[in-house]
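Beneath this line is the structure, given in structure tokens, with notes to follow.
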Amino acid sequence: MGLIVALLVIWLILSILGFVVKGLLWLAVVGLILFVATAAWGWVKRKAKA
């Protein structure tokens, strides 16, 4: 679970950086996509344990 949280934090930082730095909008989009994918994967893994 720690790995998932770490990945979520990394993707969030990359997304914010992409929105802040002009010209790095692609980084924000990739970061958001990876954030959502990681969150969904973590949610599915957590549901499977229960």
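Numbers here are sequence positions counted from 1. In what follows, every heavy atom counts, from backbone to side chain, and hydrogens, waters and symmetry copies are set aside. These figures come from a predicted structure and were not determined experimentally.
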query = So if you build clusters from Ile, Leu, Val, Met, Phe, Trp, Tyr with side-chain heavy-atom gaps below 4.5 Å, do Val20 and Ile10 land together?
reply = yes
Donor-acceptor contacts, no H, no angles, side chain residues 25-32, under 3.5 Å, sequence neighbours left out:
none

request  = Give the cluster check for Leu3 versus Val5: same hydrophobic cluster or not, with ILVMFWY residues linked at side-chain heavy-atom distances below 4.5 Å.
outcome  = no
request  = Give a yes or no on whether Leu14 and Phe19 share a hydrophobic cluster (residues Ile, Leu, Val, Met, Phe, Trp, Tyr; joining criterion: side-chain heavy atoms under 4.5 Å apart).
outcome  = no
task = Return the set of residues passing side chain to side chain contact (heavy atoms under 4.5 Å, CB included) with Ile13 (not counting sequence neighbours), or none when no residue passes.
result = Val9
message = Would you say Leu34 ends up clustered with Trp41 if hydrophobic residues are merged whenever their side chains have heavy atoms under 4.5 Å apart, either directly or through other cluster members?
response = yes
inquiry  = Applying a strict under-4.5 Å side-chain criterion to I, L, V, M, F, W and Y, I'd like to know whether Trp43 and Leu7 cluster together.
reply    = no
request  = State which residues pass side-chain hydrogen bond (donor to acceptor under 3.5 Å, both in side chains) with Thr38; sequence neighbours excluded, sorted by chain then number.
outcome  = Trp11
inquiry  = For Val36, give me all partners under side chain to side chain contact (heavy atoms under 4.5 Å, CB included), at least two apart in sequence or on another chain.
reply    = none
